[in-house]
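Please read all numbers here as calculations on a predicted model, not as lab measurements. Every number for a ligand or one of its atoms is a count from 1 in the order of the listing. Note: hydrogens, waters and symmetry copies are ignored here, and every other heavy atom, side chains too, is used.
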Amino acid sequence: MAEEKKGWKHIPIGGLIVEPGNSEKYITGGWRTYRPVLDDSKCIHCMICWVYCPDSSVIVKDGKMTGFDYDHCKGCGICAHECPKDAIEMILEES
Ligand code: SF4
Ligand code: SF4
């Protein structure tokens, strides 16, 4: 038998939200039209792209920029625009 869904009026006063929402669960990379691609030979690991990325999608390991979190990068291109070494190219996603 299907469990009856309860509305907000049935939540007891002082009810707990045991699992808060988390934007990490939303795979927003599917919104992307262009994807950033790193040219490792040009990158000087200045982290400017990491500072500017509005989606925390620049991956840094051991003080070095290593690539992008394509599950969450929305392809805005800010990282490519701000990179002082032109080490990031925006490439059209294949349909
Ligand atoms: S801004 Fe450019 S040079 Fe600096 S870490 Fe990012 S990709 Fe590398
Ligand atoms: S394209 Fe935009 S969202 Fe994706 S890594 Fe660059 S700055 Fe972040």
Side-chain angles (χ1 to χ4, degrees):
M1 187 192 291
E3 187 184 328
E4 188 189 342
K5 298 260 189 242
K6 292 184 178 177
W8 64 271
K9 288 180 182 172
H10 298 100
I11 297 173
I13 293 171
L16 299 174
I17 297 171
V18 290
E19 192 184 348
N22 190 326
S23 61
E24 215 172 358
K25 290 185 179 170
Y26 297 96
I27 306 302
T28 50
W31 301 3
R32 205 171 43 238
T33 305
Y34 287 84
R35 71 164 48 207
V37 175
L38 175 68
D39 181 343
D40 208 29
S41 67
K42 292 183 182 173
C43 179
I44 57 170
H45 305 287
C46 65
M47 302 304 152
I48 287 177
C49 55
W50 178 82
V51 170
Y52 275 89
C53 176
D55 289 309
S56 301
S57 295
V58 172
I59 300 169
V60 174
K61 279 191 188 139
D62 299 326
K64 295 200 167 183
M65 192 291 200
T66 59
F68 303 96
D69 169 7
Y70 289 121
D71 280 348
H72 299 96
C73 162
K74 298 192 192 88
C76 66
I78 292 173
C79 54
H81 185 268
E82 297 299 329
C83 174
K85 292 294 178 183
D86 288 330
I88 300 171
E89 187 180 358
M90 299 303 292
I91 306 278
L92 186 64
E93 290 280 5
E94 290 177 20
S95 52

Shell of protein N/O/S atoms around atom 8 (Fe) of ligand 1, taken as anything under 2.8 Å: Cys43 SG

Enumerated ligand 1 atoms positioned under 4.0 Å from heavy atoms of Pro84: 1 (S)

Heavy-atom check, side chain of Thr28 versus side chain of His72, under 4.5 Å: yes

Minimal non-hydrogen separation, Met90 against Tyr34, with atom names: CE-O, 3.7 Å

Residue from Asp39, Asp40, Ile44 passing side-chain contact (heavy atoms from CB on, under 4.5 Å) with Lys42: Asp39

The one among Trp50, Phe68, Tyr52 that brings a heavy atom closest to atom 5 (S) of ligand 2: Phe68

Shortest non-hydrogen separation from Cys79 to Phe68 and the atoms involved: SG-CE2, 4.0 Å

Inter-residue atom distance Asp62.CG - His45.NE2, 0.5 Å rounding: 11.0 Å

Spacing of CD1 belonging to Ile59 relative to CE belonging to Met65, to within rounding of 0.5 Å: 8.5 Å

Nearest neighbour of atom 7 (S) of ligand 2 from the list Gly29, Gly67, Ser56, Cys79, on a heavy-atom basis: Cys79

Enumerated ligand 2 atoms positioned under 4.0 Å from heavy atoms of Gly77: 1 (S), 2 (Fe)

Side-chain heavy-atom pair Val37, Ile88 within 4.5 angstrom cut-off: no

N/O donor-acceptor pair under 3.5 Å between Arg32 side chain and Cys73 backbone: yes

Close-contact set for ligand 2 against Cys53 heavy atoms, below 4.0 Å: 3 (S), 5 (S), 7 (S), 8 (Fe)

Residue pair Cys83 / Ala87: nearest heavy atoms and the distance that separates them: SG-N, 3.3 Å

Cys73: numbered ligand 2 atoms lying under 4.0 Å from its heavy atoms: 1 (S), 3 (S), 4 (Fe), 5 (S)

Subset of ligand 2 atoms that lie under 4.0 Å from at least one heavy atom of Pro54: 7 (S)

Top protein contact for atom 2 (Fe) of ligand 2, by heavy-atom distance: Cys76 SG, 2.3 Å

Cationic tip of Arg35 above Tyr70 ring, under 6.0 Å, 45° of axis: yes

Atoms of ligand 2 close to Lys74 [distance to a heavy atom under 4.0 angstrom, numbered from 1]: 3 (S)

For Gly75, atoms of ligand 2 separated by under 4.0 Å from a heavy atom: 1 (S), 4 (Fe)

CA sep, side-chain torsions, deciding dist, call: Thr66, Val60, side chain to side chain contact (heavy atoms under 4.5 Å, CB included): CA-CA 6 Å; Thr66 59; Val60 174; over 6 Å; no

